[in-house]
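Residue numbers begin at 1 in each chain, while the letters A, B, ... track the order of the sequences. Since the structure is predicted, the reported quantities are computational estimates derived from the model, not experimental observations.
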Protein chains: 2
Amino acid sequence: MEARTTSGADVTNARVLDHPDCAEIRLEGVLHALSDPMRLTVVRELAAASGELSCSDFALPVTKSTTTHHFRVLRESGVIRQTYRGTAKMNALRRQDLETLFPGLLRSVLAADSAESGRAANGGRPASGP
Amino acid sequence: MEARTTSGADVTNARVLDHPDCAEIRLEGVLHALSDPMRLTVVRELAAASGELSCSDFALPVTKSTTTHHFRVLRESGVIRQTYRGTAKMNALRRQDLETLFPGLLRSVLAADSAESGRAANGGRPASGP
DNA sequence: ACCGTAGTACGGTGACTATCGTACGAAGCG
DNA sequence: CGCTTCGTACGATAGTCACCGTACTACGGT
């Protein structure tokens with residue numbers, strides 16, 4: 001009970017989310033965040049959108065609580081940045097930060113994910129004609 | 001009691017380890033395997049050695065049981081290949097397989113790890129003079 | 001044959017995690 | 001003001017995980 005947004009007094013805790021500083025981002029944390037199918041899906045779609053997406057723009061096959069959980073893991077590991085925008089919470093990849101910290105990593109992971117999807121659609125072969 | 005090595009009858013189960021086929025290797029599994037500091041250390045040293053290393057060549061700060069566990073995770077996720085050589089168990093990175101499946105991934109992760117170590121030795125700045 | 005070295009198997013434990021449901025808070029719209 | 005939509009908080013639960021210790025197997029040298 002330090003800052004009530006309802007009263008409109010101050011904006012100290014008014015929906016401000018805590019993000020790790022660049023120096024706080026750990027490789028293990030990022031890899032762990034990306035090692036979950038649900039979260040990798042989020043990152044994939046976020047990368048494809050190349051902009052901000054609200055949490056509800058993702059059609060994840062889990063409940064809202066679980067969705068919140070996954071987005072928090074992504075945010076706390078430094079993979080995404082979240083900001084409130086009205087009632088919605090927008091998500092954006094921290095592309096620049098990740099690129100500075102771990103050059104090429106995000107691109108490799110996304111390429112690997114896309115390559116794996118391609119193989120799954122195929123028959124499991126690394127590379128074969130259609 | 002299907003194949004006793006002591007009796008020298010057959011070699012069916014004689015220390016043959018099960019490795020995932022290339023088509024069985026999953027990105028999430030690889031990322032999960034790499035998201036543990038202990039296992040990332042193994043991969044790092046294995047990459048630096050550019051050859052085979054026995055399990056006991058690593059001075060991991062855990063017991064043998066735990067070491068076995070970590071090496072199994074790495075093997076079952078498709079990151080390393082293990083073969084028995086006398087009483088020792090040799091470990092080698094599956095560089096070629098990983099490169100074919102996920103081009104550039106291993107390199108990016110190793111580079112990221114090395115970059116992070118560099119920052120840790122520094123003060124947490126992404127890039128600054130000595 | 002014996003012993004040491006390398007690693008496994010098994011059983012256990014505490015911590016974390018992915019999931020859920022329900023209840024709640026915050027912003028916008030009528 | 002009420003209602004709806006979006007997301008959070010709080011348990012709760014079942015599963016996984018990293019770790020240990022002890023007992024065991026396998027290979028090689030003496």
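The B:Asp36 side chain lies nearest to D:dA18 when the options are D:dA18, C:dC20, D:dC20. In this structure, the nucleotide among C:dG21, C:dA9, D:dA18 sitting nearest to the side chain of B:Ser65 is C:dA9. Residue B:Arg72 has its side chain nearest to C:dA9 when only C:dA6, C:dA9, D:dC19 are considered. In the set D:dA18, C:dG7, D:dG7, D:dG7 carries the atom at the smallest distance from any side-chain atom of A:Ser56. Each of C:dG7, D:dC19, D:dG7 was ranked by its minimum atom distance to the side chain of A:Ser54; first place goes to D:dG7. Distances were taken from every side-chain heavy atom of B:Arg39 (C-beta onward) to each of C:dT17, D:dA18, C:dC20; the shortest belongs to D:dA18.
Not one N or O on the side chain of B:Arg95 forms a donor-acceptor pair closer than 3.5 Å with the backbone of B:Leu106. Side-chain atoms of A:Glu99 come within 3.5 Å of backbone N or O of A:Gly104 as a donor-acceptor pair. Using modelled atom types, no side-chain atom of B:Glu52 and backbone atom of B:Met90 make a donor-acceptor pair closer than 3.5 Å. Judged by distance alone, with hydrogens and angles left aside, the side-chain atoms of B:Ser114 form no donor-acceptor pair with the main-chain N or O of B:Leu110 at under 3.5 Å.
In summary, the side chains of A:Thr66 and A:Thr63 do present a donor paired with an acceptor at a separation below 3.5 Å, with no hydrogens or angles considered.
Distance CG (B:Asn91) to C1' (C:dA6): 12 Å, rounded to an integer number of Å. Between the NE2 atom of A:His32 and the P atom of C:dA15 there is a distance of 17 Å, given to the nearest Å. Rounded to whole angstrom, the span from the CG atom of A:Asp18 across to the P atom of D:dT8 amounts to 14 Å. As a whole-Å value, the separation of B:Leu74 CG from D:dC17 C1' is 14 Å. The CG-P distance, from A:Asp57 to D:dG7, rounds to 8 Å in whole Å. One atom, NE2 of B:His69, and another, P of D:dT16, lie 13 Å apart when rounded to the nearest Å. One atom, CZ of A:Phe71, and another, C1' of C:dT19, lie 16 Å apart when rounded to the nearest Å. To the nearest angstrom, P of D:dA26 lies 14 Å from CG of B:Leu17.
Atom CG of residue B:Leu17 and atom CD of residue B:Glu76 lie 10.0 Å apart, to the nearest 0.5 angstrom.
When side chains are defined from C-beta on, A:Thr41 does not count as touching A:Phe58, because their heavy atoms never get closer than 4.5 Å. Between B:Ser108 and A:Arg107 the shortest side-chain heavy-atom distance does not fall below 4.5 Å.
For a distance-only test at 3.5 Å, the side chain of A:Lys64 qualifies as a donor-acceptor partner of the base of D:dG7. Put simply, the side chain of B:Thr68 and the base of C:dG7 share no donor and acceptor less than 3.5 Å apart.
Within the 4.0 Å cut-off from OP1 or OP2 of D:dC19, at least one side-chain nitrogen or oxygen of B:His70 is found. Between A:Thr66 and the phosphate of C:dA18, there is no side-chain N or O to OP1/OP2 separation shorter than 4.0 Å. Between A:Tyr84 and D:dT8 there is a side-chain polar atom (N or O) within less than 4.0 angstrom of OP1 or OP2.
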At a cut-off of 3.5 Å, list every protein nitrogen or oxygen paired with a nitrogen or oxygen from nucleotides 2-4 of chain C, distance to 0.1 Å.
none

